[in-house]
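Take a look at the structure set out below.
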Amino acid sequence: LVCLLGPTYLDRLWTLLELLTFTRMGADHSALVVLPIGRGVPAAGAEDTAGLEADQGGRGAKAEVIEKVKAFALRDATCFDHAERDHLLEVIASGCGSHLA
(Lines give C-alpha, C1' and ligand atoms only; values in the text may rest on other atoms or scores of the structure.)
Protein backbone atom coordinates (compact mmCIF):
# COMPACT_ATOMS: atom_id res chain seq x y z
CA LEU A 1 0.00 0.00 0.00
CA VAL A 2 1.35 3.41 -0.92
CA CYS A 3 0.30 6.19 1.44
CA LEU A 4 0.76 9.71 0.04
CA LEU A 5 0.95 11.49 3.37
CA GLY A 6 0.10 15.11 2.79
CA PRO A 7 -0.93 17.82 5.22
CA THR A 8 -4.55 16.61 5.52
CA TYR A 9 -4.12 12.82 5.29
CA LEU A 10 -4.48 12.14 9.01
CA ASP A 11 -7.38 14.58 9.27
CA ARG A 12 -9.63 12.58 6.94
CA LEU A 13 -11.47 9.63 8.45
CA TRP A 14 -11.80 7.74 5.14
CA THR A 15 -8.04 7.58 4.66
CA LEU A 16 -7.64 6.26 8.18
CA LEU A 17 -10.24 3.59 7.49
CA GLU A 18 -8.14 2.52 4.50
CA LEU A 19 -5.12 2.05 6.78
CA LEU A 20 -7.23 0.11 9.28
CA THR A 21 -8.52 -2.17 6.52
CA PHE A 22 -4.97 -2.73 5.27
CA THR A 23 -3.74 -3.79 8.70
CA ARG A 24 -6.84 -5.83 9.65
CA MET A 25 -6.49 -7.86 6.45
CA GLY A 26 -3.23 -9.14 7.91
CA ALA A 27 -0.96 -7.16 5.64
CA ASP A 28 2.72 -7.06 6.47
CA HIS A 29 3.51 -3.59 7.79
CA SER A 30 6.69 -3.59 5.71
CA ALA A 31 4.38 -3.50 2.65
CA LEU A 32 3.25 0.00 3.67
CA VAL A 33 5.17 2.73 1.85
CA VAL A 34 4.68 6.24 3.22
CA LEU A 35 5.62 9.09 0.91
CA PRO A 36 5.41 12.65 2.21
CA ILE A 37 3.83 15.06 -0.22
CA GLY A 38 3.40 18.78 0.00
CA ARG A 39 5.48 21.89 0.28
CA GLY A 40 9.20 21.35 -0.02
CA VAL A 41 8.97 17.78 -1.30
CA PRO A 42 10.52 17.16 -4.72
CA ALA A 43 8.48 15.50 -7.45
CA ALA A 44 8.95 11.77 -7.95
CA GLY A 45 12.18 11.08 -9.78
CA ALA A 46 13.53 14.57 -9.18
CA GLU A 47 17.27 14.74 -8.67
CA ASP A 48 17.04 17.59 -6.15
CA THR A 49 16.19 16.20 -2.72
CA ALA A 50 17.00 19.41 -0.86
CA GLY A 51 13.28 19.91 -0.25
CA LEU A 52 13.28 16.85 1.96
CA GLU A 53 15.81 18.49 4.22
CA ALA A 54 14.15 21.87 4.70
CA ASP A 55 11.30 23.88 3.27
CA GLN A 56 11.09 27.66 3.30
CA GLY A 57 10.13 27.63 6.97
CA GLY A 58 13.27 25.69 7.83
CA ARG A 59 11.49 22.42 8.63
CA GLY A 60 12.09 19.34 6.54
CA ALA A 61 9.15 17.49 5.00
CA LYS A 62 10.16 14.34 6.86
CA ALA A 63 10.21 16.19 10.19
CA GLU A 64 6.82 17.73 9.40
CA VAL A 65 5.35 14.29 8.68
CA ILE A 66 6.81 12.86 11.90
CA GLU A 67 5.34 15.76 13.92
CA LYS A 68 1.94 15.21 12.30
CA VAL A 69 2.00 11.48 13.08
CA LYS A 70 3.07 12.09 16.70
CA ALA A 71 0.24 14.60 17.19
CA PHE A 72 -2.36 12.30 15.58
CA ALA A 73 -5.65 11.77 17.43
CA LEU A 74 -8.53 9.89 15.81
CA ARG A 75 -11.01 12.20 17.54
CA ASP A 76 -9.70 15.04 15.35
CA ALA A 77 -10.40 13.23 12.05
CA THR A 78 -13.36 14.57 10.13
CA CYS A 79 -15.88 13.77 7.42
CA PHE A 80 -18.04 16.09 5.35
CA ASP A 81 -21.17 14.50 6.83
CA HIS A 82 -21.41 14.17 10.63
CA ALA A 83 -23.62 11.07 10.36
CA GLU A 84 -21.00 9.45 8.12
CA ARG A 85 -18.31 10.28 10.68
CA ASP A 86 -20.33 8.62 13.43
CA HIS A 87 -20.84 5.54 11.25
CA LEU A 88 -17.13 5.28 10.38
CA LEU A 89 -16.18 5.63 14.05
CA GLU A 90 -18.54 2.71 14.79
CA VAL A 91 -16.83 0.67 12.06
CA ILE A 92 -13.42 1.48 13.55
CA ALA A 93 -14.65 0.59 17.04
CA SER A 94 -15.97 -2.77 15.82
CA GLY A 95 -12.59 -3.52 14.21
CA CYS A 96 -10.41 -2.32 17.08
CA GLY A 97 -12.63 -2.69 20.13
CA SER A 98 -12.82 1.09 20.51
CA HIS A 99 -12.30 4.20 18.44
CA LEU A 100 -10.49 5.60 21.45
CA ALA A 101 -7.61 3.16 21.08
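Just so you know, these numbers use all the heavy atoms, side chains as well, and skip hydrogens, waters and symmetry mates.
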Query raised in the report: Within a strict 4.5 Å, meaning less than it, do heavy atoms of the Trp14 and Leu88 side chains meet?
Result: yes

Report task. Could you check if a side-chain atom of Val34 sits within less than 4.5 angstrom of a side-chain atom of Val69, using non-hydrogen atoms only? Result -> no

Nearest heavy atoms of [X] and [Y], plus distance in Å:
{"X": "Leu16", "Y": "Ala77", "value": "CD1-CB, 3.6 Å"}
{"X": "Thr15", "Y": "Arg12", "value": "OG1-O, 2.7 Å"}
{"X": "Cys79", "Y": "Glu84", "value": "SG-OE2, 4.0 Å"}
{"X": "Arg75", "Y": "Arg85", "value": "O-NH2, 2.7 Å"}

Query raised in the report: Among all residues two or more places apart in sequence or in another chain, which pass the side chain to side chain contact (heavy atoms under 4.5 Å, CB included) test with Leu1?
Result: Leu19, Phe22, Leu32

Query raised in the report: Given the rule that I, L, V, M, F, W and Y join up when any side-chain heavy atoms are under 4.5 Å apart, are Phe80 and Leu89 in one cluster?
Result: no

Query - Qualifying salt bridge (Lys or Arg N to Asp or Glu O under 4.0 Å) pairs with a residue from residues 17-33, counting only residues at least two apart or across chains - result: none

Report summary line: Per side-chain contact (heavy atoms from CB on, under 4.5 Å), Leu13 is matched among Leu74, Val91, Thr78, Asp76 by Leu74

